[in-house]
Chemist: 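I have a structure I would like to understand better, so I am pasting it below and will then ask my questions one at a time.
All values derive from a computational prediction rather than experimental measurement. The figures that follow rest on heavy atoms only: side chains count, while hydrogens, waters and symmetry mates do not. Sequence lines set the chain letters: A, B, ... in the order given, protein chains first and strands last, and positions in each chain run from 1.
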Amino acid sequence: MDVRGTVADDVEVRSVSTSYGESDLAEVRLVTDDGPAGEDDRPVEAHEPITVTLWNKWTESAELLEPGMELLVTDAEIDEYQGETRYKTTGDSYVVVEPSFLVNVTAIRNWTECPRLYYLNKLSGVPLNYPVVKGTLVHEVFGDLLRGRELEESIDARVEERGLQLGLLGEDPESVAEDVRQNASAIEGWLEQGRLTEEDRAATAADNSERAFSPAKSSWRSEQLLISETFGIRGRADAIRRGAPVELKTGKNLKKEPRFKDKVQAACYALLLEEHGGDVDTGTLLYTKNSALDRNEETGDLTPAKEFSMGAGLLKYVVRLRNEIAAAEVAGDVPTGYEGNAKCEYCFEQDTCMVVSGRLDQESKAGQIGQPLPAEEREFFERFSHAIEEERREVHREYAKLWEQSPKERADDDRALIDLEFAEKRPLEEGRWELRARRTSGANSKIREGDLVLASDGHPVRGQSELARIERLDEDEVVLTADEPVEVTRLDVYPSELTTDRLLVALHDTLLKGSERRKDVLFGRAEPEFDEPEETFIGNNAAQDEAVRKAVGARDCALIHGPPGTGKTYTIARAIRAMVERGERVLLSAFTNRAVDNALEALLEQLEGVIEEDRIVRVGSESGVREDMAPYRLERAGDPEERLAELENAQVVAATTATCGSRIMKEQSFDAALVDEAAQLTEPGTFAAINLAERFVLVGDHEQLPPVVRAENELTESLFERLVELHPEAGVMLDRQYRMNQRIQAFASREFYDGKLRPAEPEVAARTLDDLEGVSRDDLPAEFRDPVAFVDVEGDDERYTDSLEAARIAELIAAYEAAGVDPADVGVIAPFRAQVSEISRHVPEGVAVDTVDRFQGSSKEVIIVSFTATGTLEGPIFEDYRRINVALTRPKRALVLVGDSGALSSDPVYGRMLEWARR
DNA sequence: GCTCTGCTGAGAGGA
């Protein structure tokens with residue numbers, strides 16, 4: 001039986017004498033959900049701790065335990081000891097520390113070599129280099145071969161796909177193809193001569209009508225993503241042959257035995273396969289740099305392939321390694337290198353290791369070089385790296401939900417589409433598959449076109465599942481592409497650690513590689529300096545002009561505070577134009593693709609006739625970049641020299657901050673980086689962009705919504721907000737707004753901007769619905785003729801919806817329509833998604849209904865706000881006043897607040913809002 | 001106890 005629970009007390013390891021001799025044991029007290037299960041399954045009071053004895057080698061994992069950690073013991077046995085029911089490990093047991101923390105196979109592989117290597121890899125990433133790119137190419141070709149693709153065609157296509165990367169590395173496609181061909185022919189030879197058994201051949205022959213190696217009919221399967229909920233491991237196996245893992249290596253190995261870390265890697269996949277019903281005792285490692293000439297004298301093997309047996313001991317060892325990683329991550333420990341028996345003198349990362357240890361004053365087996373960073377910088381690093389790791393934990397919890405939540409819970413959480421009916425699979429030319437499934441309900445989810453998802457035949461972890469890309473998603477059908485033909489009936493959001501990985505690297509780069517001057521400014525040790533440009537950039541708006549002057553004249557940084565409707569996008573575009581005219585190379589960035597494209601759109605207008613269009617480049621994925629910006633998008637595939645030239649020739653590059661952390665962007669440098677919507681970015685997120693430039697300009701509004709983070713910590717404050725406080729003299733506030741009628745603007749200005757926000761022009765101050773064609777306010781009920789109105793609705797006492805408010809809003813929209821307002825000019829904002837869908841059911845098509853968060857950045861002629869609160873205003877959503885600021889500053893000409901006046905007046909800020917609306 | 005976007009991604013190898 002499996003025993004699972006939370007560690008209750010400190011754990012001690014001791015030795016006892018048994019009939020087998022001296023043995024180690026650790027007694028672990030665990031709090032389980034359901035208490036001890038007796039032999040007769042009698043119900044026992046919950047939360048009563050039970051005792052599990054971990055024997056022998058498992059005491060190594062026991063040493064890692066701390067109270068509060070989760071522990072799983074598989075195949076435990078009941079152990080009656082002095083009248084108490086206890087549990088103990090058996091010969092078949094595995095002990096898993098924090099099983100919900102999914103450790104990557106590569107992480108385990110690195111950790112075996114040296115725990116510090118694992119840490120450094122995470123901290124500073126792997127820069128673009130040829131051996132790695134070549135290794136990746138060889139793997140891709142291997143996968144293609146297994147899927148039946150022709151060798152030369154595969155090589156050409158795969159090399160072509162990496163055009164930009166190869167360009168950055170200065171490689172030419174022919175010599176790369178030749179390199180890859182050498183390794184690939186070793187694979188091909190092995191597949192054909194040696195190891196394609198009769199069994200494989202039979203399966204393949206029976207499969208003549210389709211392609212060779214189709215996994216449904218043959219014993220091969222390529223690149224399978226595997227997740228183990230028991231062992232807390234995930235990874236992607238290069239190939240599986242008759243149920244056993246095959247790992248491909250691009251390097252050479254003439255020794256008889258595979259390298260230990262490679263064995264460990266294969267053993268990880270064996271564990272993963274075991275959980276999926278396999279029983280694996282051998283693994284194969286393919287060292288593709290070995291040629292047939294290197295035939296092993298002893299074994300007579302064709303040396304590319306080395307088979308080895310995997311005993312239970314190796315598998316358990318791998319689980320113990322994995323436990324070390326999980327425990328270190330949960331405790332927030334930094335590895336020193338002493339944990340393993342690594343030999344620093346052979347290590348490629350020795351220098352990096354010593355520098356990092358020296359700069360961050362970390363204990364390290366390799367030793368330290370250089371001066372430690374100032375204490376405040378080390379403290380900053382620790383706080384933020386900790387916060388990023390907390391964020392990573394949250395991503396891991398998302399993984400755990402794949403098996404902890406029922407399909408229905410997943411669907412209700414918008415994390416899965418569970419109602420699919422498999423329709424069709426179609427082989428694609430490049431060996432992949434196109435899969436189609438019908439949607440049987442209109443359920444919504446956060447899954448969108450272009451996303452990478454887990455496509456499964458029922459369960460994303462326990463069933464057949466495959467990483468697939470959504471090619472098309474409409475109301476009644478979904479089209480996917482995947483490596484294998486899964487009969488898909490369910491799609492799950494695939495949680496990605498990519499953003500957290502990049503945040504950590506950006507933090508590292510800023511502190512360990514950033515210039516001293518930059519850090520002096522970031523830490524308040526120096527004041528930002530400015531040159532005074534002579535010209536006037538914007539004649540009719542003093543604050544905007546000042547903002548451009550600061551941006552252009554900044555030697556370090558400038559901060560532009562842009563409240564709603566103040567033309568910050570225009571200001572950025574104008575500033576970039578001035579920089580471009582001075583011959584500077586500029587990076588334009590923001591957190592979201594939408595914000596990048598909006599800013600780029602305004603910029604294109606400014607740059608018309610200033611530089612050629614091909615000197616403006618948008619870097620990003622095909623699905624991320626808005627359609628009308630696609631012509632500017634940098635294609636990754638193609639001729640290396642051409643792709644490189646396109647990027648290097650670009651004087652303006654636009655990309656999200658996440659993309660700024662990509663290997664391609666990290667090779668680029670700029671004179672200035674302009675970051676829009678900077679108040680919605682975490683500090684390390686902002687670093688990813690500004691690390692690439694000499695100076696930076698942040699544009700945003702910290703009175704609107706803060707960064708979206710999963711864990712509550714320092715990541716919720718933006719660098720923008722911190723610098724505005726630290727260096728007020730580097731900032732300019734745009735104080736003239738071009739959006740709202742004066743009456744609408746009054747409350748937000750007073751409450752959030754010290755009364756400094758004013759209409760830019762009399763026309764703006766006086767705008768009303770009467771200005772719109774065919775609209776007359778006289779046709780509206782009297783109480784809605786004022787630009788701001790309040791409708792008191794008592795509410796239906798539901799928590800996240802309010803049908804009474806929704807019904808009232810439908811009536812209001814009808815009234816506005818009757819007065820001539822186009823539904824497309826009306827927006828409805830509600831705090832909860834549930835209320836958004838409730839309202840959507842009541843209102844006519846064309847009316848935009850959405851949450852506050854999603855409305856940020858846009859505006860409408862008429863905005864109706866549904867507060868969805870009865871009695872009290874409790875709940876975190878209302879606590880952040882920045883949310884009402886966003887909601888109230890979306891309309892241009894009319895604003896209607898709908899809510900329970902009793903609830904609203906229970907909070908001082910909402911109370912003042914009520915007074916203003918009712919005046 | 002609610003709001004939310006990024007990202008091909010996991011693993012590529014060097015002695």
Side-chain angles (χ1 to χ4, degrees), chain A residues 104-110 121 126 128-140 142 161-162 165 183 223-226 234-238 247-253 259 261-262 265 288-289 343 345-349 395 414 446 448 450-453 467-470 481 494-503 590-596 620-624 636 655-663 677 680-682 685 688 705-710 712 799-800 830-836 850-856 868 874-880 882-883 886:
Chain A
N104 273 346
V105 171
T106 346
I108 300 174
R109 180 174 191 259
N110 285 337
N121 228 312
V126 178
L128 193 63
N129 67 56
Y130 181 61
V132 168
V133 173
K134 184 192 140 189
T136 310
L137 281 167
V138 172
H139 276 76
E140 287 171 345
F142 178 50
E161 272 171 25
R162 297 205 173 253
Q165 276 190 345
N183 290 67
E223 296 191 46
Q224 189 176 10
L225 176 77
L226 294 157
R234 73 160 195 266
R236 204 169 157 85
D238 286 346
E247 262 304 299
L248 185 70
K249 297 291 155 200
T250 325
K252 198 164 189 160
N253 178 5
R259 283 179 300 203
K261 61 179 177 181
D262 297 340
Q265 188 177 6
T288 58
K289 211 171 183 177
K343 292 193 178 62
E345 58 272 31
Y346 300 143
C347 180
F348 289 99
E349 303 295 341
V395 178
D414 295 334
K446 71 188 296 263
R448 288 171 315 184
D451 283 359
L452 212 56
V453 295
L467 218 45
R469 178 162 307 278
I470 311 249
T481 49
Y494 183 70
S496 167
E497 279 178 64
L498 191 112
T499 343
T500 28
D501 286 344
R502 289 189 179 171
L503 290 182
F591 182 58
T592 64
N593 274 308
R594 199 181 61 182
V596 170
S621 65
E622 204 178 337
S623 58
R636 272 187 288 237
T656 59
T657 48
T659 300
C660 287
S662 68
R663 277 192 283 228
E677 308 280 12
Q680 283 193 77
L681 272 164
T682 62
L705 293 173
V708 172
V709 284
R710 291 183 171 94
E712 274 296 309
R799 193 142 170 75
Y800 304 119
F832 308 114
R833 301 261 308 258
Q835 178 69 349
V836 166
D850 227 324
T851 56
V852 185
D853 302 66
R854 292 197 199 196
F855 246 105
Q856 177 153 333
T868 327
E874 266 172 40
I877 198 115
F878 298 107
E879 273 167 24
D880 196 334
R882 289 173 287 196
R883 220 171 237 113
V886 174

Chemist: Less than 4.0 angstrom between a side-chain N/O of A:Arg854 and OP1 or OP2 of B:dT5, yes or no?
Modeler: yes

Chemist: Find the distance A:Asp501:CG to B:dG9:P and express it as a whole number of Å.
Modeler: 10 Å

Chemist: If you measure from the P atom in B:dC7 to the same atom in B:dT3, how many Å do you get, rounded?
Modeler: 23 Å

Chemist: Take the protein atom CZ of A:Arg448 and the nucleotide atom P of B:dG6, then report the distance between them rounded to whole Å.
Modeler: 6 Å

Chemist: So, A:Thr659 versus A:Ser662: side-chain donor-acceptor pair below 3.5 Å or not?
Modeler: no

Chemist: Using atom CG of A:Asp451 as one end and atom P of B:dT8 as the other, report the distance to the nearest whole Å.
Modeler: 11 Å

Chemist: Are the side chains of A:Leu137 and A:Glu161 in touch, meaning some heavy atoms are under 4.5 Å apart?
Modeler: no

Chemist: Would you classify A:Ser621 as touching base, sugar-phosphate or nothing, given that sugar-phosphate means primed atoms plus P, OP1 and OP2, and contacts are heavy atoms under 4.0 Å?
Modeler: sugar-phosphate

Chemist: So, are A:Asp414 and A:Arg833 salt-bridged, with charged N and O less than 4.0 Å apart?
Modeler: yes

Chemist: Do A:Thr106 and A:Gln265 have side-chain heavy atoms sitting under 4.5 Å apart?
Modeler: no

Chemist: Taking only the side-chain heavy atoms of A:His139 (C-beta and beyond), determine which of B:dT8, B:dG11, B:dG13 contains the nearest atom.
Modeler: B:dG13

Chemist: Can you tell which of B:dT3, B:dG6, B:dG11 lies closest to the side chain of A:Phe591?
Modeler: B:dG6

Chemist: So, for A:Ala655 and A:Cys660, which heavy atoms are closest and what is the spacing to 0.1 Å?
Modeler: O-SG, 4.3 Å

Chemist: By nearest atom, which of the nucleotides B:dT8, B:dG6, B:dG13 is closest to the A:Lys446 side chain?
Modeler: B:dG6

Chemist: May I ask you to say what A:Val105 touches in the nucleic acid, namely base, sugar-phosphate or nothing, with a heavy-atom cut-off under 4.0 Å?
Modeler: sugar-phosphate

Chemist: Would you say B:dT8 has OP1 or OP2 under 4.0 Å from some side-chain N or O of A:Gln165?
Modeler: no

Chemist: Considering all heavy atoms of both residues, which atom of A:His139 and which atom of A:Thr250 are nearest to each other, and what is their separation?
Modeler: CE1-OG1, 4.2 Å

Chemist: Categorize A:Pro707 for me: base, sugar-phosphate, or nothing, with a 4.0 angstrom heavy-atom threshold over every strand shown.
Modeler: nothing

Chemist: Taking atom C1' in both B:dA12 and B:dT8, what distance in whole Å separates the two?
Modeler: 15 Å

Chemist: Side chain of A:Tyr800 only, heavy atoms from C-beta on: which candidate in B:dG9, B:dC2, B:dT3 is closest?
Modeler: B:dC2

Chemist: Is A:Ser496 near enough to B:dT8 that one of its side-chain N or O atoms lies under 4.0 angstrom from OP1 or OP2?
Modeler: no

Chemist: Select base, sugar-phosphate, or nothing to describe what A:Gln265 touches, counting heavy atoms under 4.0 Å on all strands.
Modeler: sugar-phosphate

Chemist: Between B:dG1, B:dT3, B:dG14, which nucleotide gets closest to the side-chain atoms of A:Glu349?
Modeler: B:dG14

Chemist: Tell me whether the OP1 or OP2 atom of B:dG11 has a side-chain N or O from A:Thr106 closer than 4.0 Å.
Modeler: yes

Chemist: From CZ of A:Arg236 over to C1' of B:dT8, roughly how many Å is that when rounded to an integer?
Modeler: 10 Å

Chemist: Of the options B:dG1, B:dA12, B:dG9, whose atoms approach the side-chain atoms of A:Asp238 most closely?
Modeler: B:dA12

Chemist: Using a cut-off of less than 4.0 Å, is there contact between a side-chain N or O of A:Thr851 and OP1 or OP2 of B:dC2?
Modeler: no

Chemist: Side chain of A:Asn593 only, heavy atoms from C-beta on: which candidate in B:dG14, B:dC7, B:dT3 is closest?
Modeler: B:dC7

Chemist: Roughly how many Å is it from OH in A:Tyr130 to C1' in B:dA12, rounded to a whole number?
Modeler: 13 Å

Chemist: Any base atoms under 4.0 Å from A:Thr499, or only sugar-phosphate, or nothing? Heavy atoms, all strands.
Modeler: base

Chemist: Can you tell me the distance, in whole Å, between the CZ atom of A:Arg259 and the P atom of B:dA15?
Modeler: 11 Å

Chemist: Tell me whether the side-chain N or O atoms of A:Arg883 pair up with the base of B:dT3 as donor and acceptor below 3.5 Å, since no angle test is needed here.
Modeler: yes

Chemist: Considering residues at least two apart in sequence or located in another chain, which fulfil the side-chain hydrogen bond (donor to acceptor under 3.5 Å, both in side chains) criterion with A:Gln165?
Modeler: A:Arg162

Chemist: According to the Watson-Crick and G-U wobble definition with distances under 3.5 Å, which dot-bracket string, read 5' to 3', encodes DNA chain B, using [ ] for crossing pairs and | for pairs with another strand?
Modeler: ...............

Chemist: Out of B:dT3, B:dG13, B:dC7, which nucleotide sits closest to the side chain of A:Arg502?
Modeler: B:dC7

Chemist: Is a donor-acceptor contact shorter than 3.5 angstrom present between the side chain of A:Arg663 and the base of B:dA12?
Modeler: yes

Chemist: For A:Arg469 and B:dT8, what is the distance between atoms CZ and C1' respectively, to the nearest whole Å?
Modeler: 5 Å

Chemist: Looking at B:dG13, B:dG6, B:dG1, which one has an atom nearest to any side-chain atom of A:Thr250?
Modeler: B:dG13

Chemist: Between B:dG9 atom C1' and A:Leu498 atom CG, what is the distance in whole Å?
Modeler: 7 Å

Chemist: Scan A:Lys261 against the nucleic acid and name what it touches under 4.0 Å (heavy atoms): base, sugar-phosphate only, or nothing.
Modeler: base

Chemist: Looking only at heavy atoms, which two atoms of A:Asp238 and A:Leu248 are closest? And how far apart?
Modeler: OD2-N, 2.8 Å

Chemist: In chain order, what residues pass the side-chain hydrogen bond (donor to acceptor under 3.5 Å, both in side chains) check against A:Asn183, with sequence neighbours excluded?
Modeler: A:Lys134, A:Thr288

Chemist: Whether A:Arg636 contacts B:dT8 is assessed here as follows: a side-chain N or O lying under 4.0 Å from the phosphate OP1 or OP2. Is that the case?
Modeler: yes

